[in-house]
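Okay, so here's the structure we're looking at.
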There are 2 protein chains.
Amino acid sequence: MKTADPELMRAINRFHVMDAIRRFGPVSRVEISQLTELSATTVSAITAALLDDRLIIPLQVGAVRDAGRGRPRVMLKLNPGAAHVVGVKLAPDQISVGVTNFCADVLRSLALPVRIDRQTASVIADLVEDGVRRCVSDAGLDIADISGVCVGLPGVVERAAGVCRQSPILQERDVPFGDDLTHRLGVPASIDSDVNLVTLAEHWFGQTRDLNDFLVVNVERSLGLGILHNGELFRGANGLSPDLGDLMVRPPGGGDARLADVASEASVLIEAEALMRDREPDGAPQTGRAMTLLLQRAAGGDKRCARVLAAAGEALGFAVANLITLFAPPKVIISGRAMATSEYFIEPLRKTVAHLLPPSLADVSDIIVREWSDGNWLQGAAAMTLRDLYGAPWGTTGPAPIREALAPQIGES
Amino acid sequence: MKTADPELMRAINRFHVMDAIRRFGPVSRVEISQLTELSATTVSAITAALLDDRLIIPLQVGAVRDAGRGRPRVMLKLNPGAAHVVGVKLAPDQISVGVTNFCADVLRSLALPVRIDRQTASVIADLVEDGVRRCVSDAGLDIADISGVCVGLPGVVERAAGVCRQSPILQERDVPFGDDLTHRLGVPASIDSDVNLVTLAEHWFGQTRDLNDFLVVNVERSLGLGILHNGELFRGANGLSPDLGDLMVRPPGGGDARLADVASEASVLIEAEALMRDREPDGAPQTGRAMTLLLQRAAGGDKRCARVLAAAGEALGFAVANLITLFAPPKVIISGRAMATSEYFIEPLRKTVAHLLPPSLADVSDIIVREWSDGNWLQGAAAMTLRDLYGAPWGTTGPAPIREALAPQIGES
DNA sequence: AGATTTTATCCGCATCGCGGACAAAAAGAA
DNA sequence: TTCTTTTTGTCCGCGATGCGGATAAAATCT
């Protein structure tokens, strides 16, 4: 545990200042002072240090004339060139790589259309390494200029350990991508669940910037869940993010089912396969194509196809209702490429949630649908890495753990 | 938001010292220094201030001879008389009141056998006020000696506002017990969910003292859920603790059901009523009695009675499995007076959880059964109040909220 | 050009935590 | 008994921090 010393004090306040500058764009020292409730003196000292470290820069050009008299404010903003980070997203059929600057602007990105779910972890690491090196050099940078790399992938990830416990796109389990890439690239590399990255991106850059609590449910081939709670990503006691697909949607009496087996695109397609095949006899089409077809048919009035989508929506709605009961988030964001944006899926979900929620929680949560671009994922990866560079000192002052060496002696006496 | 200033530093470190003294009993300054990783100087200064405030006292008597030479350690402990607090537990058929000292030892307690579920909130407040005053005077104290009062009751409670949103033992909703009692007694009064109190008690005094994460599921007339996550009581975004009874246990396809309607003692008794009546024609017996009877019959080999209990256990197991998936707590504590301790209920619950959990989480959680005494609840209420007196300064340094007055101007520019 | 107003910085003060020197208090050794 | 050794607790000085008030800076208004 870290003790509370002047250094921690400064770290906390410096983070608040950085956070204010990041969130409120070019901003003057007085405004920072008001936002953070720090004294003008302290803000001045901290910004001086930040300027000295080249983490922030004054917005030159007489620029903003702020229509009052008095000494003009000097607007401060993040220095885009202060650091560069790389974000990587692993999806079943694609590896996306992007280089961003200190403001999380994507400078250069790269997409490798690879069906990685049939590759070994070692091959995937090779591909990621190549992609990162290429993307960095395309951006006119050297690998030594990169401050950090963050990889997002679906599945259960233990960020602290840098290990992917299990993923639908990896055959192996407990893959130590973090250390592996760190060694390969000579740059600190971390991994996290893809949904966590996009959740953080939403919190830093999205329309829910001002919310400290929301859920992100990602519906693609597999299901992902990101929880922002009290302004922090929620993780279970073991440091793992909860896996939405592992939630159960049926009681023992009715035969149990994992949500992933009922409401993911993969499961829906299996369900719909028979329906599709009997009208399109040339075998089961490819994933992306099949979902498009299913949605088209539902839109065209095919009741059975619509029913398949509705069933998935209702199952997910059931789980979402329970999550709302637990977390009471003001917003729930449903995202995904194909199915998640279909009314035939979303409306049953909405209805189910409304129907299942207790009256007291009926109005707390807005359910909104949003589609992410690759840029969002990369910004999330950037945010995850930049968070460390900003020096967020949280979780360091928790209650003292029992120190094994000492506890026995003391506990007994 | 509180800024990080020297005062906060001191508050944090003082809390760590207090926490170490509380947790490790009589303990010397050197040991505190090792436990908290604070320097000996700082510990000395802080303990001096605490001694000055009479919050701690040296354990006099040459007492502990610690079998080494050198200056003997001065053992420090909490000063039991530093403060007194009152805990109140509202149950359907009883009001329990207890006075504890600064160490959360119960000095005097009092039980009023009242069926409060048929009284108005106003009458209940009358009874609580009388009970508190009586208990305080019985303990040889004056009401002015009391530093705080905490009331625990089943249902949905918004602690921060001091309001009980909804409770099975109150007809009214949004009852402002906190302010009401504060005015009546002239002492700061707070309320919280009863399970939260016992969860905190378990964390402070129970066998899970060293765990920062666990769940407490309380099964009595109604269902309660307490979550300790990262060493803190978990609350939803609105400050409410999640209500276990509002969780859903069936997917829309199979017809939905609130957990409270399937797995609480109240619901089980309704379910079993027919079974009981047809062999004991003198009408439905009283609640406590009926459950005893049901358990006896199940133990006696009555398959149908056992089945009713098993169904409840399985339904709760379903919910617990999902909670484990989310929170991954090393321990899950099932508590309650009657049903919760029956093998006919617990075994199906255990089996269901084991069956539903994904393999990766199969071994993370121990499910244990524990029965609380009234003392536990009262200690929880005491802990909840004492926490404030200890001056825990957490949650005060979160990211800066958007200040309404300022945000618009800044956000747009 | 001078007064006014707003912004940013400088100076002095109080508090804090820490390291090292020092005092205190016991047991063991002479 | 007296001196040494060992461990514990306290005191002093240092550096860092945040803050309030005075001061400088830089613009507009008169």
Side-chain angles (χ1 to χ4, degrees), chain A residues 1-17 21 26-52 56 58-76 391 393 396-397 409, chain B residues 1-17 21 26-52 56 58-76 391 393 396-397 409:
Chain A
M1 181 199 48
K2 180 85 182 58
T3 63
D5 51 10
E7 193 182 332
L8 177 69
M9 238 164 68
R10 191 48 167 262
I12 292 174
N13 289 335
R14 187 171 44 213
F15 177 82
H16 284 155
V17 171
I21 296 174
V27 69
S28 70
R29 291 178 174 81
V30 260
E31 288 166 311
I32 296 172
S33 176
Q34 292 164 351
L35 286 165
T36 60
E37 299 181 24
L38 291 166
S39 75
T41 304
T42 303
V43 172
S44 201
I46 291 176
T47 52
L50 294 174
L51 283 165
D52 203 54
I56 62 174
L59 182 64
Q60 63 266 58
V61 63
V64 227
R65 286 278 11 89
D66 39 355
R69 56 185 180 178
R71 177 174 173 174
R73 307 176 163 183
V74 177
M75 303 308 256
L76 303 171
T396 54
T397 58
Q409 312 163 16
Chain B
M1 182 200 47
K2 180 85 180 61
T3 63
D5 52 9
E7 192 182 333
L8 177 69
M9 238 165 68
R10 189 51 161 243
I12 292 174
N13 288 335
R14 186 172 46 212
F15 177 81
H16 284 155
V17 171
I21 297 174
V27 68
S28 70
R29 291 178 174 81
V30 257
E31 288 166 310
I32 296 173
S33 175
Q34 292 164 350
L35 285 165
T36 60
E37 299 181 23
L38 291 166
S39 75
T41 304
T42 303
V43 171
S44 200
I46 291 176
T47 52
L50 293 175
L51 283 164
D52 204 53
I56 62 174
L59 182 64
Q60 62 267 58
V61 62
V64 226
R65 287 277 13 88
D66 39 356
R69 56 184 179 177
R71 177 175 174 173
R73 305 176 165 185
V74 176
M75 304 307 258
L76 302 171
T396 54
T397 58
Q409 312 163 15

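Being a predicted model, the structure only gives us computed values, none of them experimental. Order of the sequence lines sets the chain letters (A, B, ...), proteins ahead of strands, with each chain counted from 1. Computation of the quantities below employed the complete heavy-atom set of this structure, encompassing side-chain atoms and omitting hydrogens, waters and symmetry-equivalent molecules.
- The distance between atom CG of A/Asp5 and atom P of C/dC18, rounded to the nearest whole Å, is 6 Å.
- For A/Arg10 and D/dA16, the shortest distance from a side-chain N or O to OP1 or OP2 is not below 4.0 Å.
- Among the nucleotides D/dA26, C/dA8, D/dG9, the one closest to any side-chain atom of A/Arg73 is C/dA8.
- With hydrogens and angles disregarded, no donor-acceptor distance shorter than 3.5 Å links the side chain of A/Ser33 to the backbone of A/Arg29.
- Residue A/Asn13 places at least one side-chain N or O under 4.0 Å from the OP1 or OP2 atom of D/dG18.
- Between A/Leu51 atom CG and C/dA8 atom P the separation is 12 Å, expressed in whole Å.
- A donor-acceptor contact closer than 3.5 angstrom is absent between the side chains of B/Ser44 and B/Thr41.
- Nucleotide C/dA14 holds its C1' atom 12 Å from the CD atom of B/Glu7, rounded to whole Å.
- B/Arg71 contributes a side-chain N or O that forms a donor-acceptor pair with the base of D/dT8 under 3.5 Å.
- Rounded to whole Å, the distance from CD1 on B/Ile46 to P on D/dG9 is 15 Å.
- Considering only side-chain N and O atoms, B/Ser39 lies nowhere under 4.0 angstrom from the phosphate OP1 or OP2 of C/dG19.
- Using modelled atom types, one side-chain atom of B/Glu31 and one backbone atom of B/Ser28 make a donor-acceptor pair closer than 3.5 Å.
- For the pair B/Ser44 and D/dT10, the criterion of a side-chain N or O lying under 4.0 Å from OP1 or OP2 is met.
- Here C/dC16 presents its C1' atom at 16 Å from NE2 of B/His16, a figure rounded to the nearest Å.
- In this structure, A/Leu38 places its CG atom 15 Å from P of C/dA8, rounding to the nearest Å.
- Of the candidate nucleotides D/dA25, C/dC11, C/dA23, C/dC11 has the atom nearest to the side chain of A/Thr41.
- The closest donor-acceptor contact from the side chain of B/Thr36 to the backbone of B/Leu38 lies under 3.5 Å.
- Taking the side chain of A/Met9 as heavy atoms from C-beta on, and the options C/dA8, D/dG18, D/dT8, the nearest nucleotide is D/dG18.
- Of all non-hydrogen atoms in A/Val74 and A/Pro58, the two that sit nearest each other are CG1-CB, 3.9 Å.
- Here D/dA16 presents its C1' atom at 13 Å from CZ of A/Arg14, a figure rounded to the nearest Å.
- Using a 4.0 Å heavy-atom criterion, one finds that B/Val43 contacts no nucleic acid atom at all.
- In this entry the distance linking CD of B/Gln34 with C1' of D/dT8 reads 12 Å, nearest Å.
- Close to D/dT10, at under 4.0 Å from its OP1 or OP2, lies a side-chain N or O of B/Arg29.
- The shortest distance between the side-chain N/O atoms of B/Thr3 and the OP1/OP2 oxygens of D/dC19 is below 4.0 Å.
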